[in-house]
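Worksheet for the structure shown next.
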Amino acid sequence: MPYTTNDIRNIESKWQKFWETHKTFRVDTDPLKPKYYVLEMFPYPSGKIHMGHVRNYTIADVIARYKMMRGFNVLHPIGYDAFGQPAENAAIKNKTNPAEWTYRCIKQMHDELKKMGFSYDWDREFSTCDAEYYKWNQWIFIKMFERGLAYKKASSVNWCPDCETTLANEEVINGTCWRCKTTVVQKDLEQWYLKITQYAPSLLEDLKKLEQWPSRVRAMQENWIGKSYGVEILFKVKDAAETISVFTTRPDTIFGATYVVLAPEHSLVKKLIAGTKQEKETLDFIEKTANKSKSLRMSGDQRKEGVFIGRYAINPVNNEAIPIFIGDYVLMEYGTGAIMAVPTHDQRDFEFAKHHKLPMRIVIQDLKNPSLSIEDMSQAYEEEGLLVNSGEFDKTPNEEAKKKIAEWMQLKGFGKLSIHWRLRDWLISRQRYWGTPIPMIYCAACGVVPVPFHQLPVELPKDVTITGEGGSPLARVRTFVECACPKCGKPARRETDTMATFFDSSWYFLRFCSPRNNEEIFDKKDAQYWMPVDQYIGGIEHAILHLLYARFFTKFLKDLDLITTDEPFTRLLTQGMVLKDNEVMSKSRGNTVDPDEVLSQYGADTLRLFILFAAPPEDQLEWNSDGLEGSWRFLNRVYQMVEKRYSTTVIPAQGGIHNQNDADNTLERERNAAIKRVTQSFEEGYKFNTAISHLMVLANAIDKYSNIGHSRESGNPDTSQQTLLNQSIETLVLLLAPFAPHVAEEMWQMMGKSEATIAQVAWPTFDEKALKTSTIIIAVQVNGRVRAQIQITPDMPQEELRKICLADPGVAKYAQEAAIKKFIVVPNKLVSIVV
RNA sequence: GGGCGGGUGGUGGAAUUGGUAUACACGUAGGACUUAAAAUCCUAUGACCGUAAGGUUGUGAGGGUUCAAGUCCCUCCCCGCCCACCA
């Protein structure tokens, strides 16, 4: 019977219904069974799933199903990262409510995921916009507040004029808003921050534990956290009481410091310029810089601007008076907001010094080319060398001098060793509606007061008009804003900012452990059993933000003694992008392929199989509809193979295998080899593309064997051959089950197996002995060229092998016994003869 | 500028980690079946020379180590991603 699109629809919906009614993938905490927690990065519910989702979730599903067949208690949940701006934009556009729009999208997404046949425990499904979930966001926030990890601070923040909200540093991409690409500007605001910097040392240190993360993700996090060792050096200001502290990682160049630069916002600047001739010029410059957006200031190829402020600093190592500048290339947020400038050995200082015609002094000489001179320099010399013009440190290699000078300065009291981090505290306030309300109350008498636990959740008011203009929508809802102070009971005002959505996704994997618990954030016992996530899967775009925040929250919750693990994700897989015509598939490019259309034409199994077969999971995947057709053909072939064998005749399933001839042995070997290789591709790095190729090899072998069987003169193959054939097909179906679960179920049922669902049948095992062959073919090389293929018995002794080799005409043509210099044997692989 | 990946047939990709390069698929060509088409099946398929047997060559380029290199070492070119005035 041909296998049609209609058959597929029927088969797939039949088994989806079966899994649903039997709750096949529902799991509970069971301390007697080994657990396995597979998780994909949950989706933002935009309504439709795209190929990126399909790829991500298919990879996760195949792993989950495999682990299930290996006997693990597998937790494989799904939820929705449902807060965020698109819902507000859609609400404005469609004149609806963000909640309504979001829940409609979730429903649609839920149905699409079901059609893919993913093995989720649907009983654990939730959305972050459910009050039952975000209540615990608020709870975490208050716990952080109580420990000083959530705090309010006025500062210059990144502001997106289009979204009318603040952005975290991590959300500013090349000076633009990560969401709408509008140029980000600076604005002074009072905002809530999370003190992630307190965890910087452990976030960095514990990266070492994450051996099963891609090295590039670890490297990206390491760069982002950005630990640097250096020295804070104190420069006294000439004729003043003030001292400037500068941070440097290059103390070896201190003798070459010819000026000092402060950030324009530096707190000392106004004090130092009071009454100087340069006062007005300096103030003008500060004003000018403040109007420049931070992104513009931070882009590297900007000309370095600055002005002399009319004051001098004393270099502590040589008592030289050097001018003090303010410059836009010095950032207040990093280090101490002040630098010592060594133009000869720092490119930025070099450019600044050239522009302002400032003095330079070489303090490191190039070992290979010792004629380095200021006149000839066209750029700073940042390589290694020996110190010169550096007093007692002359002739010291600069790497060594770094340490020596740092220690010497510490001893003399000129400075102290210090460590600086690139990581900044995380700004989480958003002036938006569709997010978790920050559970804080402002009371004129009591100050900032957290909402008490029994009043949680602080629910989002339902009837709010979203216009996208005029700042936070919540601020205009009187019934929301006006409240009683929990401490003194007097009228107070509620915080109207909501949390950044990254907050929601920083701990959802814990909530999946006990999603219906309304008394606690999660059940400690459940979390203890399921955590950490054994396999996490998602896009590389989350390498920094989400993964760093999730690690931070995990560490914090561990410090609250709620969990025992300090890292959330043991193993991480970052799947590659889906491309079409060599470009990333995206709506804006208009080159998307709708999974829904593929589903209605080919069904989920074909789509799953293609997407896994076309490329290894971590690589980019080029969409190819011909390849899709190929996956369809393969499934069809296997289906017909099973149907032909099991639907018409009853086949005796009894009897052992007594392999009689080469064909029998070959098939049995291929069967075992397929089990071995497919299993390996799961256990050693998820090479699903080769796993599927091994399934195809087995299918080819079965076909070949059946064809021989039909042409046998003796007519029907005997019982043992029937059994071998059945067993091989059975193996093929079992190995196929994680990849194409619907067809596999159907075939399993057709085969009359007693188990209700193949998803719970044990994964097949192989016998190493069956992989052996009685004869093998090896290559014979003469002087590195393959000259013959010879058939030998395994592990043949060298003398015999030598005879056989030389007797081969192809070898004899190039090598005679007398001329042999070397005779190298790679056991059971090849022979290499040197003449 | 810094970090991390890559570069293999017409295409997607394999290669047991130094041991017969191109598994498996896609595509293409030829054939079978068919009134015909689709579907399916069979055969061939890195390039070059040759009717063939066979030979030469071949994993971005060039060198090296080795009996043997896609894999190791050196020099260089190109592509992708991430970070970047971070002192």
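What's counted below: heavy atoms across the whole structure, side chains too, no hydrogens, waters or symmetry copies.
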Using the C1' atom as the reference point in each nucleotide, state the distance between C74(B) and A21(B) in Å, no decimals.
24 Å

With a 3.5 angstrom cut-off on both distances, give the Watson-Crick or G-U wobble partner of C85(B), or none if there isn't one.
none

In whole angstrom, give the distance that lies between atom CD1 of I776(A) and atom C1' of U20(B).
13 Å

Nearest-angstrom distance, P atom, U71(B) to U65(B):
15 Å

Separation between the P atoms of U56(B) and U43(B), rounded to whole Å
29 Å

So, do F634(A) and F613(A) have ring centers that fall under 6.0 Å from each other?
no

Name the nucleic acid region contacted by S215(A), choosing base, sugar-phosphate or nothing; use a 4.0 angstrom heavy-atom cut-off, strictly under.
sugar-phosphate

With a cut-off of under 6.0 Å to the ring centre and 45° to the axis, is R671(A) in cation-pi contact with Y705(A)?
no

Is there a Watson-Crick or G-U wobble partner for U65(B) with both distances under 3.5 Å, and which nucleotide is it?
none

If you count heavy atoms of other groups shown closer than 6.0 angstrom to CD of E211(A), is the number above 12?
no

May I ask which nucleotide in the shown strands pairs with C4(B), Watson-Crick or G-U wobble, both distances under 3.5 Å?
G80(B)

Look at the side-chain N and O atoms of K829(A) and state whether any lies under 4.0 Å from the OP1 or OP2 oxygen of G19(B).
no

U34(B) glycosidic torsion: syn (within 90° of 0) vs anti
anti

Do R348(A) and Y329(A) meet the cation-pi criteria used here (NZ or CZ under 6.0 Å from the six-membered ring centre, within 45° of the axis)?
no

So which one's nearest nucleotide on RNA chain B is more toward 5', I833(A) or D346(A)?
I833(A)

CE of M796(A): more than 12 outside heavy atoms within 6.0 angstrom?
yes

Between G58(B) and G31(B), how many Å separate the two C1' atoms, rounded to a whole number?
31 Å

Contact under 4.0 Å: R216(A) side-chain N or O vs C83(B) OP1/OP2:
no

Sub-3.5 Å pairs of nitrogen or oxygen atoms, protein against nucleotides 22-31 of chain B:
residue, atom, partner, partner atom, Å
A25(B), OP1, N700(A), ND2, 3.4
C26(B), OP1, R633(A), NE, 3.3
C26(B), OP1, R633(A), NH2, 2.6
G27(B), OP2, R633(A), NH2, 3.3

Nearest to the side chain of R422(A) - A84(B), A87(B), C81(B)?
A84(B)

Where the side chain of P616(A) is defined as all heavy atoms beyond and including C-beta, which of C4(B), G13(B), A87(B) is the nearest nucleotide?
G13(B)

Atom CZ of R785(A) and atom C1' of U20(B) are separated, to the nearest Å, by 14 Å

Cation-pi, F823(A) ring and R802(A) (6.0 angstrom, 45 degrees)
yes

Would you mind reading off the distance between Q620(A) atom CD and G7(B) atom C1', rounded to a whole angstrom?
13 Å

Are the side chain of H420(A) and the backbone N or O of G230(A) linked by a donor-acceptor pair below 3.5 Å?
no

For the C1' atoms, the ones on U11(B) and on U17(B), what distance do you get once it is rounded to whole angstrom?
27 Å

Taking the C1' atom of each, how far is C67(B) from A84(B), in whole Å?
49 Å

U34(B): pairing nucleotide in any strand, Watson-Crick or G-U under 3.5 angstrom:
none

What nucleic acid atoms does S228(A) come within less than 4.0 Å of, heavy atoms only: base, sugar-phosphate, or nothing?
sugar-phosphate

If I take atom CD in residue E222(A) and atom P in nucleotide G3(B), what distance separates them, rounded to the nearest angstrom?
12 Å

Could you give the distance separating U59(B) and U8(B) at their P atoms, to the nearest angstrom?
11 Å

Ring centres of Y259(A) and F352(A) under 6.0 Å apart?
yes

Determine: side-chain N/O of Y814(A) to OP1/OP2 of G55(B), distance under 4.0 Å, yes or no.
yes

Using the P atom in both, what is the distance from C42(B) to C33(B), to the nearest Å?
15 Å

Please give the nucleotide sitting opposite U28(B) as a Watson-Crick or G-U wobble pair, both distances under 3.5 Å, or none.
A44(B)

How do I778(A) and K687(A) order along RNA chain B: which one's closest nucleotide is nearer the 5' end?
K687(A)

The side chain of I824(A) lies closest to which of these nucleotides: C85(B), U20(B), C67(B)?
C67(B)

Q410(A) side chain vs L417(A) backbone, donor-acceptor pair below 3.5 Å
yes

Base paired to A14(B) (Watson-Crick or G-U; both N/O distances under 3.5 angstrom)
none

Looking at G54(B), which nucleotide sits across from it as a Watson-Crick or G-U wobble partner, both distances under 3.5 angstrom, or is there none?
C49(B)

Between P of A84(B) and OH of Y334(A), the distance in whole Å
13 Å

Heavy atoms under 4.0 Å, any strand shown: does R218(A) hit a base, just sugar-phosphate, or nothing?
nothing

Should the heavy atoms of other residues, nucleotides or ligands under 6.0 Å from CZ of R677(A) be counted, would the total exceed 12?
no

Would you kindly give the CD-to-P distance between E541(A) and C83(B), to the nearest whole Å?
11 Å

When you get a sec, tell me which of C83(B), A87(B), U57(B) is the closest nucleotide to the side chain of W224(A)?
C83(B)

Nearest whole angstrom, please: distance from the C1' of C85(B) to the NE2 of H345(A).
19 Å

Carefully, step by step, assess E351(A) and K354(A) under the rule salt bridge (Lys or Arg N to Asp or Glu O under 4.0 Å).
CA-CA 5 Å; E351(A) 285 167 29; K354(A) 277 277 173 194; over 6 Å; no

Can you tell me how far P of A38(B) sits from CH2 of W632(A), to the nearest Å?
18 Å

As a test of the definition: with a 90° window around 0 for syn, would you call G30(B) syn or anti?
anti

Kindly point out which of A87(B), C85(B), A68(B) is positioned nearest to the side chain of Q781(A)?
A68(B)

